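Below, chains carry the letters A, B, ... as their sequence lines are ordered, and counting in each starts from 1. Quantities reported herein were computed from a predicted structural model and do not represent experimental measurements.
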Amino acid sequence: MQAQRSRTNRLLAILIALFLLVTALPFACWWGVSRLRAAVTPPEPTLRLAYSPEKRELLGQLLAEFERQGLRTTSGAPMRVAAVEMLPERMVRLAVEGQVDAVCPDSSLWLTETDQRWRETFLRDGVLVGEAVRFAISPVVIAMREDVARSMGYPDRPIGWMDILERAQTEETFSWSHASTSTASGLLATLAQFYAGAGKTRGLTIEDATAQSTLDYVAAVEATVRHYGEGELATVERALEEGELRLDAFVVQEQLVVYYNGRGSDRLVAVYPAEGTLWEDHPLALLEHADLDNDARETFQALKRHLLSPQSQQVVLQHGYRPADLSIPLTGEGSPLTAANGVDPTQPKTVLQMPSAAVVDVVRDVWWYTKRHTNVFLVVDTSGSMQGDKLENARLGLQAFVEGIRGDQERVGMIEFASEVGRTIPLDELGRNRRALEQAIADLSAGGNTALLDAIGAAYGRLQSLGDAERINAIVVMTDGRENASRTRLRELQMRIRDGNARGVPVVVFCIAYGSDADLDTLAAIAETSGGQVRRGDLTSIEELYRLISTYF
Amino acid sequence: MNRTRLVFVLVLVVALAIVGLSYLMRSDGGSLEPERQELLEVRVACALPVEAWVREAAEAFNAEGHRLDGVPITVQVTAVDGLTAKSRFDRGEFDPVPTAWIPDSRYLVELVNLTQKQKLGRDVFLTDGEYRARPIAISLFAWGIYASRAEVLRERYGKVDWGSIHDAAVARGGWAELGGDPSWGYFKLVVPNPQRNVGGLAAMVAAAGEYYQSTRIGVADVTNPEFQQWLGELMGAVTDFSSLSAYSAEDLALFGYSMGDGGQLLESDLLSHMEGIQARWQEPLVIIYPEYITWFDFPFTVWMGQETTAAEKNAALEFERYLLSEEVQAQAVLHGLRPVNTSVSLDIEGSPFARWRDQGIVTVVPRASAMRSPDRDTLDTLVRWFELNVTQR
């Protein structure tokens, strides 16, 4: 009896234990699997943010600090920000397409543009841009080499847009530039020219902007621009990389003068134009698109708080921006906004009036016709190594380049090369050959060796024989391999470029080293000889790289 | 303990350990369901000039654990400009509908009621009884001008009012012609964008009052071509209507005299930024009170629709009473707002009214004529005129 009870108890105990084990096992397995999945699958970012390039360093630091806090949303998702750098004009397009959740352009004028474009695209009322906050501001200035500024009366005499424009027109050696109207600084420089052309400092109208006398004036001034650029940071970084300033003056945000003076061997000063400037207010704005979820909203709110926190605002000042927190003095101890850094925190004294959105649109459209025009040859490697994804992505990049050049008056041609110089689309105005170019790009096929130098020589010869000094002459060459088939030698080509640029028309060569096998040394030598640049591109970046280079034209 | 029992205990411990560990690890992620509790939620849509004060009060209210019939009340504050809120009520776009609304001015409540009456045949906000709209603070419109600029204007025109500001605005030679520093450029007026900030509409109403030397303006006044030309010239002195905050005193502080020499703005907004302006631009603002005074009274109004329960409406009243309490009204003073609770003085410790007295702040405005709220047609006409003649110019 005792033994039977004992056996029954034992059986019962084992059954209970087994039951508990069976109950617990699936739970434990589920937990284990979910933990494992979490470990191998990185969590989706909760906020997709696009920001303008000049904030690379500042936002890089602030976002890293934000991520280090390890915040989580109420749903338990880690607050992660996937930040992508891009020019504001492209940001507007991605915002309207719903590809980003938040934007941080250089100026809130792009927010107005985003709403306008969104309404036009979806034919509806209302706005896409939701909550917005400013965490840093910076005036647009003319960064000038100190010796040049002093020769114009700095710091005793105020220098204005008119002085710059007059000097550019009367002194051939004066070299200046501004970015295209796809950045706020570029737009300001353009607006200032239209104001000067119309003889006004406020109240610019569509009639003023389209008057023949204004257009003639702007075209004459633009003819003095050495070259355009993808943005102000790129101009400053290029000067730092080369160790010298090749420009006498260029239009940038104030903090980039501080940035340059902290790193460069020569010194820049910020000129606050006497007629007025504009402010860049660096808004962080949430986009209220249909798919925006609560995780993104919460992350935005947390990021906003982080950017406005006293610690972050000090970081903002240390990067040379003026912080939104008014309790932080601009002239306090440790502030980089000092005369030694070439800036004056009591400036600017006045601003140019921002015209209505309709007038700004007209100015931007008209600028494409008044800007200094371009003769540009695209030199494209179609050797065997380009087969597959490489060629496909290069094709997308070339299409982006052609699309990026909006003015139909720009002249673009194309030369393909492999074992020898291949098909050539002659240089012509885009209004006439855009379709032929697009077709040729679509038809590109790969095979053969790499006659890089012959192809560049061919493009260079065509531009020199054209001898068009009115326009910016340039070659954009892309290759993924090493020169192995040309009759031309590198030294020979360099001599030809040096000689041609001195006696004939200056031709700038932009080189894209596509992939890790590209001959960077050869490309660098050619670019340096012509005063151009070399950029590295890969499968993922080639399209964007072509798009960026298109902003130079 | 025999072997069988030992095995049993071990299996039991392992099973419990697995369950316990899993439970602990899950709770580590912070996803434990909160203990559910009945809660009365009061959602307050709040005008921007009082948002900071109301939000602070809401946080204190929530922390104090107020209850209604034993049920805890929690208050959530959402900042929304009065004009934007009005449009959202009119279009039925609030989701969820706020339990209470604190607009900038009583006339916005009347405008929403007018629209809803046409739709529903009844008011959605009451004008009498327990749930009636009650002001919770007051702020006047006053001129805030950089001291150096005000001095030049006084020298030239004897006073600062809409008339002298207009004449300064149309001076073709800018400050050089007015007797100021040529580096100041042309005269720059600060007016909020009336499409985005109700303060801009208030500024246009105040300008019309002074133009006609009258406290009451109507459609005929604002459609008068001579007045429109005068107003257009004034608005032509604004440097940018597209900026983010649509020209509040915050812009005057952030961008300083470069963007605006001065403008007629809300006293509380000016007071909140006086210190920042002085710190950043090393030049103070002076405050000048106009003869024709416009003000905001920030009425606390409870939504009377079925979207909120009776208990939620009453909870909103609890919060309203809290805002009107002496302690919270004193906090309003610190935010530059004039209290409606008469037992609270403007001269309490830390009051910006006392601190900025030398810059022109007064506690009692002498000899002023109060502008009456215009009707809806007049306001609509002004906004439409602005859209056609200023933003699309």
Side-chain angles (χ1 to χ4, degrees), chain A residues 6 9-10 13-14 16-18 20-21 23-25 27-28 30-31 35 72 75-76 108-109 111-112 132-134 137 139 158 201-203 205 272 274-279 281 283 285 322 324-331 345-360, chain B residues 2 4-5 7-12 14-19 21-23 25-26 29-31 79 91 93 174-175 181-186 188 236-245 250-251 253-261 273 275-283 390-393:
Chain A
S6 167
N9 282 348
R10 205 181 307 156
I14 289 169
I16 291 170
L18 276 174
L20 281 169
L21 198 59
T23 318
L25 257 178
F27 187 50
W30 167 80
W31 170 78
R35 282 272 147 176
R72 284 176 181 271
S75 72
S108 49
L109 72 89
L111 303 183
T112 313
V133 65
R134 291 181 289 225
I137 60 168
T201 52
R202 61 175 161 166
T205 61
Y272 303 84
E275 302 92 338
T277 184
L278 288 181
W279 286 88
D281 57 353
R322 303 186 185 195
D325 183 343
L326 291 163
S327 68
I328 298 177
L330 301 184
T331 50
T346 67
Q347 292 273 6
K349 298 283 189 213
T350 188
V351 296
L352 278 177
Q353 190 176 50
M354 178 57 85
S356 69
V359 177
V360 171
Chain B
N2 65 26
T4 312
R5 279 195 182 154
V7 170
F8 171 72
V9 170
L10 275 175
V11 171
L12 193 67
V14 168
L16 286 173
I18 291 170
V19 173
L21 193 67
S22 305
Y23 177 78
M25 295 305 283
R26 288 295 299 155
S31 65
R91 295 200 296 258
E93 281 179 1
W175 279 107
D181 186 334
S183 72
W184 300 346
Y186 58 85
K188 298 172 289 297
V238 176
T239 53
D240 185 4
F241 276 112
S242 66
S243 79
L244 194 57
S245 61
E250 183 190 302
D251 279 359
L254 268 182
F255 306 117
Y257 39 65
S258 73
M259 216 169 201
D261 298 305
H273 290 97
E275 187 168 3
I277 286 169
Q278 206 151 328
R280 180 131 319 174
W281 297 98
Q282 281 101 48
E283 182 174 336
V390 182
T391 55
Q392 293 175 18
R393 67 188 171 194

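Within the 4.5 angstrom heavy-atom criterion, no atom of A:Pro329 approaches chain B. When heavy atoms are compared at a cutoff of 4.5 Å, B:Ala279 approaches chain A solely by way of its side chain, counted from C-beta outward. Heavy-atom distances place no part of A:Ser327 under 4.5 Å from chain B, backbone and side chain included. Residue A:Glu275: no heavy atom, backbone or side chain, is found under 4.5 Å from chain B. Interface remark: A:Leu109 contributes no atoms to any contact with chain B (heavy atom separation under 4.5 Å). Contacts between A:Leu352 and chain B at a heavy-atom distance below 4.5 Å involve the backbone alone (N, CA, C, O). For a residue to count as touching a neighbouring chain, one of its non-hydrogen atoms must lie under 4.5 Å from one of that chain's; by this rule A:Pro345 touches chain B with the backbone only.
Taking the side chain as every heavy atom from C-beta outward, B:Thr239 and B:Tyr186 approach each other to under 4.5 Å. Considering only heavy atoms from C-beta on, A:Arg134 stays 4.5 Å or farther from A:Trp279 through its side chain. Two residues are said to be in side-chain contact when any heavy atoms from C-beta on lie closer than 4.5 Å; B:Gln282 and A:Thr331 meet this criterion.
Contact count against chain B (heavy-atom pairs under 4.5 Å) is highest for A:Thr201 among A:Leu278, A:Ile328, A:Asp325, A:Thr201. Considering only heavy-atom pairs separated by less than 4.5 Å from chain A, the leading option among B:Ser183, B:Gly256, B:Gly185, B:Ala253 is B:Ser183.
Using the six-membered ring where Trp is involved, B:Trp175 and B:Trp184 have ring planes that are perpendicular, over 60° apart on the 30 and 60° scheme.
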TODO: Test B:Arg280 against B:Leu254 for side-chain contact (heavy atoms from CB on, under 4.5 Å), laying out the working first.
DONE: CA-CA 8 Å; B:Arg280 180 131 319 174; B:Leu254 268 182; 4.0 Å; yes
Task: Full working for side-chain contact (heavy atoms from CB on, under 4.5 Å) between B:His273 and B:Glu250 - done: CA-CA 7 Å; B:His273 290 97; B:Glu250 183 190 302; 3.6 Å; yes
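More than 12 non-hydrogen atoms from other residues, nucleotides or ligands lie less than 6.0 angstrom from CD of B:Gln278.
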